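Note that ligands are numbered from 1 as they come in the structure, with each ligand's atoms numbered from 1 the same way. All values reported here derive from a predicted model rather than from experimental measurement.
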Amino acid sequence: MKSMSSDAGLFEDDVPRNAGVVSVLLPVGVPGPYDYTVPLTMEVAHGDFVTVPLGPREVLGVVWGDASGEVGHNRLKPIIERLDVPPMTHVLRRFVDWIASYTLSPPGAVLRLAIRAPGALEPAAMRTVYRLDGDPPARMTPGREKVIAAAQDGFARTTRELAEAAGVSSSVVRGLIDAGTFEAIQLPADDPFGEPDITREGAILSEAQAFAADQLKQRLTQGGFSAQLLDGVTGSGKTEVYFEAVAQTLELGRQALILLPEIALTAQFLDRFEERFGCLPAEWHSDLSARERKRVWRGVADGSARVVVGARSALFLPFTHLGLIVVDEEHEGAFKQEEGVTYNARDMSVVRGSLGGFPVVLASATPSLETMANVWAGKYDHLVLPERHGPAVMPAVGAIDMRATPPERGEWLSPPLLRAMAEALAKGEQSMLFLNRRGYAPLTLCRTCGHRIECSQCDAWLVEHRFRKQLICHHCGFTAPVPRACPSCGEKDALIACGPGVERIAEEVVQKFPQARLALLSSDNLRGPEAHKNAIRQIVDHEVDIIVGTQIVAKGHNFPLLTVVGVVDADLGLENGDLRASERTFQLLHQVAGRAGRAERPGRVYLQTYIPEHPVMQALIEGARDPFLEREAAMRERTGYPPYGRLVALVISGPNPQQVQAVSRELARSHGPAEGIAVFGPAPAPLALLRGRHRVRFLVKAARTSPVQNYVAEWLGRVKIPNAVRVLVDVDPYSFL
Ligand code: ADP
Ligand code: ZN
């Protein structure tokens, strides 16, 4: 029934217009919500969680809106149950719809992201604790006396805790409970979330920091959506500044979400948060146990989790009072989800902020061109922290021309870099060598016949991992022992390792500096956050002299004794033909360089390169970020590439190459002309074979204002795709694999 009350405006959207039938969105990959009837004994509002029949199954869904009326009333099935939990908010529902239409994903697939804490909607588990209450038992024993003595402090404990405190078996405790000596109390099984203490003093801010913090606070107090780029070199205090914004958000009675690009960065962050606010924030990432997931999901929904730090999927948590999102290291590619619903959490944070009407802060030392373009266009505020905090200064960056001073044959470290490392070692300082390549060697080659060992499931070389004595495919995870003989010509001992990975660099370091203590940091030998934390601690405590690492060491960490950073192959990222190759190489190397000299001792950074004249190297050496970005921007603007134009990638894949070809030909025939839109392809995807699937790619390039989503949706609607073939639509692609 339509609500007739005069203040209906406020609630109108949440009252179904056509009581009796509503549409329910289900977390399945279908084009939209389905209609269900509402039993007479039930009342539902938009956003309510319900269970409904779907074929033979019973599934969880959310009441999405009024009936679509597409299916006759008499053929509809009834809702089974309405769950007694807080409804999904209006903002979150609009967010789900927004992402679905932007990314061309089924809304149910997006909804799945928003209810991904299995069991979170069941009533919270309780546990029973006991407190001394009532008469002593008729029969006393020494064991019982111990239990009663232990319970005298008045604390409530579980049976097990009481038994442990008294040093007796649980049966003694149970006997006392049966005798009525204890009172049973029901408590939620989950620990409650800490309440951040905003009265604690933060850091004493420098002038630039205080100015930036004030701007953020003003935006928060003002209310409404806004976006700010917090742009400051590594170590300039961006975290300190946005902590002030978090404090202000809490003071306004709202929740805050901080997105970090990698779980590995969380540990150090948690310590800092605790130092500032006296308690830990809630955490959200893929490493959480199912139980912890439920706890966080509920805490966010009932508002007891005030601050969440998490990975991109935290955007879909059921906040009811969200008042701030901070995206730290906003330029990071890790914010882009590459499979399923291909969304960029940085961009979607801004959407969430605009739907929810609150500020979004993007922090980076090397902002993405997308974000800079928004700053230049006046859409985002620009808050700049120009200097490192305290005595630390930015490190001096220099190129080592590998043509002029090459390493010894079969080695990878040039004489000038080795000299700098030796000096640091002599002074009791640390060096770090960075190479973004896991394993020992990226290619194993037969000296006799020239055969290269490739993955049978992927269009990629197998990478030798010498510690694990294996060849590994970094794309599908396939492993094989390193063969003695060439698999092609059968020649024994003819296989040679080509090129370096971090393991090979570590081997060279051991050989050159046998007395130095070495740490090798890559995702292969640092499994899980604990191992990572431990490795970081060893470096901070100076139990290590030389660090060799992949991009895992590039970010966030603060090593006071680290003064020399060597980039083993600065040209590595420039080799692929990716649109953002220069931008990303600059970001990554700048980040790595930022590890050096974070305390009193000045740092030096050495870039080993064959192209020292390349604009990326020059920008790094001269510390000229903005001219570099402006040049990149001018080039993209001229060619109509993002952020001045838009791209959509379509990857067609399947196990049968002929079938994939056939679908691609059909697609190539079916796209019509449209103003400002061009379709390129089909072309073999850069990984033309991945996990056994053959891949072909189309790229749609569109002017910024062209309705490219509609265009792609209509195009795909014209072609029947066989079941075995998958079409991945990637709007604003980031990776071009
Ligand atoms: P960023 O996030 O920009 O890399 P951080 O916030 O991590 O910078 O700051 C770098 C280091 O300097 C941290 O150890 C931080 O605690 C310290 N720091 C920054 N600003 C201040 C300040 N105003 N007072 C004291 N310490 C500060
Ligand atoms: Zn593979």
Identify every side-chain donor-acceptor pair in residues 478-487 under 3.5 Å, counting partners at least two apart or on other chains, and give the distances.
{"unit_1": "R484", "atom_1": "NE", "unit_2": "D493", "atom_2": "OD1", "d": "3.3"}
{"unit_1": "R484", "atom_1": "NH2", "unit_2": "D493", "atom_2": "OD2", "d": "3.4"}

Within ligand 1, which atoms have a heavy atom of [X] less than 4.0 Å away?
{"X": "G237", "result": "1 (P), 3 (O), 5 (P), 6 (O), 8 (O), 9 (O), 19 (C)"}
{"X": "I204", "result": "22 (C), 23 (N), 24 (N)"}
{"X": "V233", "result": "3 (O)"}
{"X": "L205", "result": "23 (N)"}

(request) Kindly report the SG-the Zn ion (ligand 2)-SG angle for C455 and C458 respectively, rounded to 10°. (result)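 Centred on the Zn ion (ligand 2), the SG/SG angle is 120° (to 10°).
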(message) Just to be sure I'm reading this right: ignoring hydrogens, which of K238, R272, Q209, E329 gets closest to atom 3 (O) of ligand 1? Compare them by their nearest heavy atoms.
(response)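 That would be K238.
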Between [Y] and [X], is the closest basic N to carboxylate O distance under 4.0 Å?
{"X": "D730", "Y": "K336", "value": "yes"}
{"X": "E543", "Y": "R537", "value": "yes"}
{"X": "E370", "Y": "R580", "value": "yes"}

(request) Return yes or no for this condition: an N or O of A203 is under 3.5 Å from an N or O of ligand 1. (result)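 A203 vs ligand 1: no N/O contact under 3.5 Å.
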(request) Over 60° means perpendicular and under 30° means parallel, so classify the ring planes of Y242 and F269, tilted if in between. (result)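 If you compare the ring of F269 with that of Y242, the planes turn out parallel.
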(request) Answer with yes or no whether G232 contacts ligand 1, where contact means a heavy atom under 4.0 Å from a ligand atom. (result)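 G232: no contact with ligand 1 (<4.0 Å).
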(request) Mind checking whether H389 contacts ligand 1 via backbone (N, CA, C, O), side chain (CB onward), both or neither, at a 4.0 Å heavy-atom cut-off? (result)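 Side chain only; the backbone of H389 stays clear of ligand 1.
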(request) Please confirm whether the backbone N or O of Y440 pairs with a side-chain atom of R466, one donor and one acceptor, at under 3.5 Å? (result)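 No, R466 side chain to Y440 backbone: no donor-acceptor pair under 3.5 Å.
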(message) With a cut-off of 2.8 Å, does C473 put an N/O/S atom close enough to the Zn ion (ligand 2)?
(response)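 Coordinating: yes.
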(request) Tell me whether H474 has at least one N, O or S atom under 2.8 Å from the Zn ion (ligand 2). (result)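 Short answer: no, not a single N, O or S atom is under the cut-off.
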(message) If you define the side chain from C-beta out and look only at heavy atoms, does anything of V309 sit under 4.5 Å from W284?
(response)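 Result no, sub-4.5 Å side-chain heavy-atom pair not found.
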(request) Over all heavy atoms of both residues, which pair between A420 and V564 is shortest? Give the atoms and the distance, please. (result)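 The answer is O-CG2, 3.9 Å.
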